Amino acid sequence: MPVGFLSDNQVRAYAAFEELPSLSDLEKFFFLDAFDRDVIAKSRQDSHRLGVAVQIGTVRYKGLFLEDPLAVPWPVVDYLAEQLGIGDPSQVKRYAERLKTAYEHA
């Protein structure tokens, strides 16, 4: 995706996690408030609830939905799973099994 005023490295950095968010950033961008929890609660499966939470935090942090919604550092998933009371964060891997799911949630 060519963008005239950004270098290739800047475009890659913008559309991906190249760093682990700091604790301050986790608390700021990935904290789930009551509204977020209401949106997330519409999903029945833990994998989908966690996937939606990842998407909400990612769009706040990066300003866009990632092409691969699960291309986030694992501590982000752990932080969100803890807030949602999901004991096995690895369930999020099932979120992208159906390609349209992440697109529809975005």
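Every value quoted in this text rests on a predicted model; they were computed, and no experiment measured them.
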Next on the checklist: Run the side-chain contact (heavy atoms from CB on, under 4.5 Å) test against Ser24 and tell me which residues pass, sequence neighbours left out.
Outcome noted: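 For Ser24, the residues satisfying side-chain contact (heavy atoms from CB on, under 4.5 Å) (neighbours in sequence not counted) are Ser22.
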Give a yes or no on whether [X] and [Y] share a hydrophobic cluster (residues Ile, Leu, Val, Met, Phe, Trp, Tyr; joining criterion: side-chain heavy atoms under 4.5 Å apart).
X	Y	value
Val52	Phe65	no
Val77	Leu23	no
Leu70	Leu80	yes
Phe17	Val54	yes
Phe31	Ile56	yes

Item to check | Sole residue of Asp78, Asp46, Leu84 in side chain to side chain contact (heavy atoms under 4.5 Å, CB included) with Pro89 | outcome: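 For Pro89, the side chain to side chain contact (heavy atoms under 4.5 Å, CB included) test succeeds with only one of Asp78, Asp46, Leu84, which is Asp78.
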Checklist entry - Gln91 and Ile86: side-chain contact (heavy atoms from CB on, under 4.5 Å), yes or no, with the steps? => result CA-CA 9 Å; Gln91 292 183 54; Ile86 296 173; 4.2 Å; yes
Next on the checklist: Tell me whether Glu27 at atom CD has more than 12 heavy atoms from other residues, nucleotides or ligands lying less than 6.0 Å away.
Outcome noted: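 Yes, CD of Glu27 has more than 12 neighbouring heavy atoms, counting only those of other groups under 6.0 Å.
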Checklist entry - Does Gln83 use its side chain to pair, donor to acceptor, with the backbone of Phe30 at less than 3.5 Å? => result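 Flag set: sc Gln83 to bb Phe30 pair under 3.5 Å.
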Next on the checklist: Looking at Pro69, is its backbone amide N or carbonyl O close enough to the side chain of Gln55 to form a donor-acceptor pair, meaning the two atoms are under 3.5 Å apart?
Outcome noted: no
Checklist entry - What's the spacing between Leu32 CG and Glu82 CD if we round to 0.5 Å? => result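 It comes to 11.0 Å.
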Checklist entry - According to the interplanar angle, ranging from 0 to 90°, do the rings of His105 and His48 count as parallel (below 30°), tilted (30 to 60°) or perpendicular (above 60°)? => result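 His105 vs His48 ring planes: perpendicular.
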Checklist entry - Any ion pair linking Asp25 and Lys28 (charged N to carboxylate O, less than 4.0 Å)? => result no
Checklist entry - Can you name the nearest heavy-atom pair linking Lys93 to Trp74, along with the distance? => result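 Closest approach of Lys93 to Trp74: CE-CH2, 4.4 Å.
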Item to check | Close side-chain approach of Asp36 and Arg60, heavy atoms under 4.5 Å | outcome: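 Heavy-atom side-chain distance check passes, below 4.5 Å.
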